Amino acid sequence: MPELPEVETVRRGLAVTMEGRVLQSVVKNRPDLRFPFPDRFVQRLTGQRVDRIERRAKYLLIALSSGEVLGAHLGMSGRFIVTPVSSPGRNATAAEVWPPEAAYDTGAVSNRSHDHVIFTLDSGDVVTFNDPRRFGYMFLESSAALSSSKHLAALGPEPLSDEFNPSSLARALESKRTPIKAALLDQRVVSGLGNIYVCEALFRSGISPVRSAHTIKGVRAERLVLAIKRVLDEAIEAGGSTLRDYIHTDGGMGYFQHRFAVYGREGETCPECTCDTVIKRIVQSGRSTFYCARRQR
DNA sequence: ACGAGAACCTGTTTGC
DNA sequence: TGCAAACAGGTTCTCG
């Protein structure tokens, strides 16, 4: 579900609610998500203060006063929902007020049986992790060991950082014969991109998704890097893209889906071509790719 | 060693 | 209308 802009939007929502607060109670409703929860998960979290919430690629990193960091990946359908103590129904128990009205309104929350972890803060606010498909997961790691931990160690540069630039991208791609579409989904090349924003960035840069990755250098690398940074910036600004599962922590929607040029637009006319070229959908390594065969070479 | 495809799960949409 | 197949924002494992 969520790519970098969606995870960043969730991070901002959680930071407002959780930073500086103490985890008064933690309820875990099953032994595992995609992976088993860490040993003594509830005990290691209960009573900890949340110092800071950061993001690395698509991971949320919740730094605790114990010196440990709670990492969370949303997979395809994971979401955090905040039920404020001041919301309507505040006199009800936490279990009775979730999910908030806005989540009902979007239709994005369909089943309480997928509430896997419920955090109650000392403010009274309740933060719930819900994930129908259970591709999401959580882990705990000491702050010092975090960057070399299993899940984070191999990640490529943050696309919005200066470490991600035309020459670093060209270097990462020079040995790859796979199509550029697949290479950009490889989190070791650049971290945080997913199917939507790869399609959109390739369109903006005029690069064909089937082009061999190693041919991206020079001007093409410059155009691609710029397109990736811009599309991510714009999507974060719009609060991400809400298609099916993804919603904000307050149940609200992102708006960037209205600005997709190609994603999900098979058969529609290309927004940049003046002729009547239509957007094509192909399948690459099992995932849909949308592009304009005339404009993208 | 690399790359394509399957697998992991549930829910929703599409097609016969 | 009803049921089955296809599809979904991600990652990881297996196989050729």
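Note that the structure is predicted; figures quoted are calculated from it, not measured. Chain letters run A, B, ... following the sequence lines, proteins first, then strands; residues in each count from 1.
Checked by atom type, the side-chain pair A:Ser77/A:Asp131 shows a donor-acceptor distance below 3.5 Å. With hydrogens and angles left out, the side-chain atoms of A:Thr120 and A:Gln24 include no donor and acceptor closer than 3.5 Å. For the 3.5 Å distance criterion, the side chains of A:Thr289 and A:Gln284 qualify, holding a donor opposite an acceptor.
Between A:Ser288 and C:dA8, a side-chain N or O to OP1/OP2 separation shorter than 4.0 Å is present. Note on A:Ser77: every side-chain N or O is 4.0 Å or more away from OP1 and OP2 of B:dC9. Distances shorter than 4.0 Å separate some side-chain N or O of A:Arg134 from OP1 or OP2 on B:dT10. Between A:Arg287 and C:dG10 there is a side-chain N or O to OP1 or OP2 distance below 4.0 Å.
Side-chain proximity of A:Asn195 to the nucleotides C:dG10, B:dA4, B:dG11 is greatest for C:dG10. Residue A:Pro132 has its side chain nearest to B:dG11 when only B:dG3, C:dT12, B:dG11 are considered. When distances are taken from the side chain of A:Lys58 to each of B:dT10, B:dA4, C:dG10, the shortest belongs to C:dG10. Distances were taken from every side-chain heavy atom of A:Gln187 (C-beta onward) to each of C:dT11, C:dG10, B:dT10; the shortest belongs to C:dT11. For A:His114, taking side-chain heavy atoms from C-beta onward, the closest of the listed nucleotides B:dA7, B:dT10, C:dC7 is B:dT10. Comparing C:dT11, C:dT12, C:dA8 against the side chain of A:His73 picks out C:dT11 as the nearest. Minimum atom distance to the side chain of A:Arg133 is reached by C:dA8, of the listed B:dG11, C:dA8, C:dG10.
By the criterion of a centre-to-centre distance under 5.5 Å and near-parallel planes under 30°, the ring of A:Phe135 forms no stack with the base of C:dT11.
Heavy-atom neighbours of A:Lys229 NZ from other residues, nucleotides or ligands within 6.0 Å: above the threshold of 12.
Paired regions of DNA chain B, where each region holds three or more successive Watson-Crick or G-U pairs whose two hydrogen-bonding distances fall under 3.5 Å, are B:2-8 with C:10-16, B:10-16 with C:2-8.
At the heavy-atom level, A:Gly286 lies nowhere under 4.0 Å from the strands shown.
Contact record, A:His73 with A:Phe129: O-CZ, 4.3 Å, taken as the closest heavy-atom pair.
Using a 4.0 Å cut-off between a side-chain N of Lys or Arg and a carboxylate O of Asp or Glu, A:Glu54 and A:Arg56 do not qualify as a salt bridge.
On the P atoms, B:dG11 is 24 Å away from C:dT1, given to the nearest whole Å.
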